[in-house]
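Below: the structure, in structure tokens.
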Amino acid sequence: MADDRRSDDLDRRIADAKAEIERPITPGEGAAESRGWAIGIEFVGTVLVSAAIGYFIDRAAGTAPWVMIGLLVLGFIAGVYRASKTSAQFDADGAIK
């Protein structure tokens, strides 16, 4: 009799675990991760694009590496500004709970 109760309890726990794994993802779930990725990608993209533009200007003007360094610094500053502004916007939304 005790074995039947343990077996029933085990079956119930297995069913609960399967239901938890197979449940659909609700809207808003994982929003913090996606917002973090968005900020990081935006920051890196800003820095890389500004460095690439500086590189091509340097090649055309023969001023290597000064324009690239200048635009890299400006891209970093713009990336930090953009990331902080986007982060503040996400915080103001209050959608993440």
Side-chain angles (χ1 to χ4, degrees):
M1 190 67 107
D3 289 338
D4 288 340
R5 279 187 284 157
R6 277 193 243 164
S7 176
D8 290 342
D9 184 47
L10 179 62
D11 290 339
R12 182 189 51 80
R13 291 187 349 215
I14 290 172
D16 290 345
K18 283 183 180 178
E20 178 66 24
I21 290 171
E22 295 170 355
R23 75 177 171 80
I25 296 175
T26 59
E29 190 174 352
E33 292 86 2
S34 64
R35 288 180 173 190
W37 276 104
I39 291 171
I41 290 170
E42 187 174 353
F43 174 77
V44 171
T46 303
V47 173
L48 290 178
V49 167
S50 64
I53 292 170
Y55 173 77
F56 289 115
I57 290 173
D58 274 336
R59 284 190 61 188
T63 57
W66 301 111
V67 175
M68 185 183 76
I69 291 172
L71 286 180
L72 186 65
V73 169
L74 288 175
F76 181 80
I77 292 168
V80 169
Y81 173 75
R82 217 30 223 144
S84 65
K85 191 169 187 150
T86 304
S87 178
Q89 179 186 3
F90 288 156
D91 289 344
D93 287 348
I96 301 173
K97 296 192 169 52

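The model shown is predicted, which means the values in this text are computed figures rather than measured ones. When reading the values below, keep in mind they use all heavy atoms of this one structure, side chains included, and skip hydrogens, waters and symmetry mates.
The structure places CD1 of Ile39 at 8.0 Å from CD of Glu42, a figure rounded to the nearest 0.5 Å. For the atom pair CG (Leu72) and CD1 (Ile53), the distance works out to 12.0 Å, reported to the nearest 0.5 Å. In this structure, CD1 in Ile41 is found 11.5 Å from OG1 in Thr46, a value given to the nearest 0.5 Å. Summarising the geometry, atom CE belonging to Met68 is positioned 10.5 Å from atom OG1 belonging to Thr63; distances are rounded to the nearest 0.5 Å. To the nearest 0.5 Å, atom OG1 of residue Thr86 and atom OH of residue Tyr81 are 9.5 Å apart.
Contact check for Leu74 versus Leu71: side-chain heavy atoms found under the 4.5 Å cut-off.
Ion pair Asp16/Arg13 not flagged as a salt bridge, since none of the NZ, NE, NH1 or NH2 atoms sits closer than 4.0 Å to an Asp/Glu carboxylate oxygen.
For the residue pair Val47 and Phe76, the shortest heavy atom distance occurs at CG2-CA, 3.8 Å. The heavy-atom pair separating Trp66 from Asp58 by the smallest distance is N-OD2, 3.7 Å. Closest non-hydrogen pair, Gly75 versus Ser50, comes out as CA-OG, 3.2 Å.
A donor-acceptor pair is defined here as one N or O able to donate and one able to accept, closer than 3.5 Å; no such pair exists between the side chain of Ser87 and the backbone of Ala83.
Transitive grouping of hydrophobic side chains (ILVMFWY, heavy atoms separated by less than 4.5 Å) brings Val49 and Val67 into a common cluster.
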